[in-house]
Amino acid sequence: MGTCIRNLSGGAVLVAADDTWIEGKAIQQLETTARLGGMHRVAGMPDLHPGRGYPVGAAFFSVGRLYPALVGNDIGCGMALWRTDIPTAKLHLDKLEKRLGNLDLPLDETWQEAVASFGLPATGHERSLGTIGGGNHFAELQQLDESYDDAALAALGIERKHLLLLVHSGSRGLGEAILREQVDLFGHHGLEAGSEASAHYLGRHDGALRFAEANRQLIARRMLDRLRADGDVLLDINHNLVSPAQVDGLDGWLHRKGATPSDQGAVVIPGSRGDYSYLVQPIADERSLLSLAHGAGRKWMRSECKDRLASRYSVEQLSRTALGSRVICADRALIYEEAPEAYKAIDSVVGALREAGLVRVLARLKPVLTYKTRGGCC
DNA sequence: ATGTGC
């Protein structure tokens, strides 16, 4: 295995092992962001892949300026892990799938009190609360497959005999509207730290974080309700955000775009919907800008997935995975875009983090039932 | 990514 923390041009750093798939375009985008005004350091995670102008799976630390476009449109996107009281013994996937029903519609009036309990300010995006959204978002029942630290799992309250629930979603249309406002007003030039404009953005940004956290909680509660089960949240970590931070002794702004914080306790790094997810204990390290991969990372562009896979797999085949799990995805284009082949192998991503000394792996989690969408499209 | 753009 080669060195897992590599130096690129422009002072950029990349966390990757020899077997981690990294696209050249993503490296170029990372080096481009390193040259932005006020940018002090950038770090690519092993799930790095090209985005719209800026890479996904990276952290960016700047001084004196901050860049809403580096956080992207899904402000507050993150992972919440719940433990449930659903027994892993004698699982009936047909029953669970039927009970889940449709989770794409807005929450009905019986949820009013639960929604109000978050005390969110009115945004006009209330109809999105409790819905997962599209793209790589999902909610997945999982089971503990392999423990590497029984004591740590016991401390977290994770047991083999009950299913876990992992929710990956964000601020839906709200974050998108906030970024659109920024791009309309200021283009991609970023904001002067301390300015009125930056205070305005940060205020809306913080509102989107709270909205996204509430959304994940409502998604989990709604699923547990449908499954006639109960549960508790174990962790909830945002991976698209900007926060004040000190790096190299400098006060500045740490942007994370598909980069999971490594200074906030245990996190889950999910693979694709047909792959394992890993529960890891981060080891905070400034070399990676206090960040980790947020998932497997795309290997193929969305637009090329159906052409590559349509001759090999039917939609029905893609709804059953090699690990024995099921994927509920009524959107025919999306199920190809989200096929396991379109993503990097999670072992190559988590392996790079482990070899770089950035995580201790606590457990391997196996997918049981994934909800993407029941709506279908067009 | 987006109660999805022309």
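Lettering follows sequence order; numbering is per chain, from 1.
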_Within residues 115-132 of chain A, which residues have any heavy atom lying less than 4.0 Å from an atom of DNA chain B?_
A:Gly124, A:Arg127
*For A:Tyr201, which residues count as a ring-ring contact (aromatic ring centres under 6.0 Å, His included) partner, sequence neighbours excluded?*
A:His205
*Quick one: list whatever passes ring-ring contact (aromatic ring centres under 6.0 Å, His included) with A:Tyr278, sequence neighbours left out.*
none
*Can you tell me if the side-chain N/O atoms of A:Arg172 get under 4.0 Å from OP1 or OP2 in B:dG3?*
yes
*Over how many whole Å does the gap from A:Leu179 atom CG to B:dT2 atom C1' extend?*
11 Å
*Rounded off to whole Å, could you give me the CD1-to-P distance for the A:Ile75 and B:dA1 pair?*
14 Å
*Could you state the atom-to-atom distance from CG of A:Leu174 to P of B:dA1 in whole Å?*
17 Å
*Carboxylate-amine/guanidinium proximity below 4.0 Å for A:Arg65 and A:Glu192*: no
*Quickly work out the A:Asn215 CG to B:dG3 C1' distance and round it to whole Å.*
13 Å
*Determine whether any donor atom in the side chain of A:Asp74 lies under 3.5 Å from an acceptor atom in the base of B:dA1, or the reverse, and answer yes or no.*
no
*How would you label the contact of A:Gly72 with the nucleic acid (heavy atoms, under 4.0 Å): base, sugar-phosphate, or nothing?*
nothing
*Quick one: label A:Gly133 by what it contacts on the DNA or RNA (base, sugar-phosphate, nothing), any heavy atom closer than 4.0 Å.*
sugar-phosphate
*Using whole Å, report how far CD1 of A:Ile178 lies from C1' of B:dA1.*
13 Å
*Measure the distance from CD on A:Glu338 to P on B:dA1 and round it to the nearest whole Å.*
7 Å
*Given atom CG of A:Leu241 and atom P of B:dA1, what is their separation to the nearest angstrom?*
16 Å
*A:Asn73 has an atom CG; how far is it from atom C1' of B:dT4, in whole Å?*
11 Å
_Residue list, salt bridge (Lys or Arg N to Asp or Glu O under 4.0 Å) with A:Arg160, at least two apart or on another chain_ = none
_Aromatic A:Phe61 / basic A:Arg41 pairing, under 6.0 angstrom, 45° off normal_ = no
*Go through the structure and list residues passing ring-ring contact (aromatic ring centres under 6.0 Å, His included) with A:His188, not counting sequence neighbours.*
A:Tyr54
*Which residue pairs satisfy the side chain to side chain donor-acceptor pair (under 3.5 Å) criterion with at least one member in residues 21-35 of chain A, sequence neighbours excluded?*
A:Ser9-A:Glu31
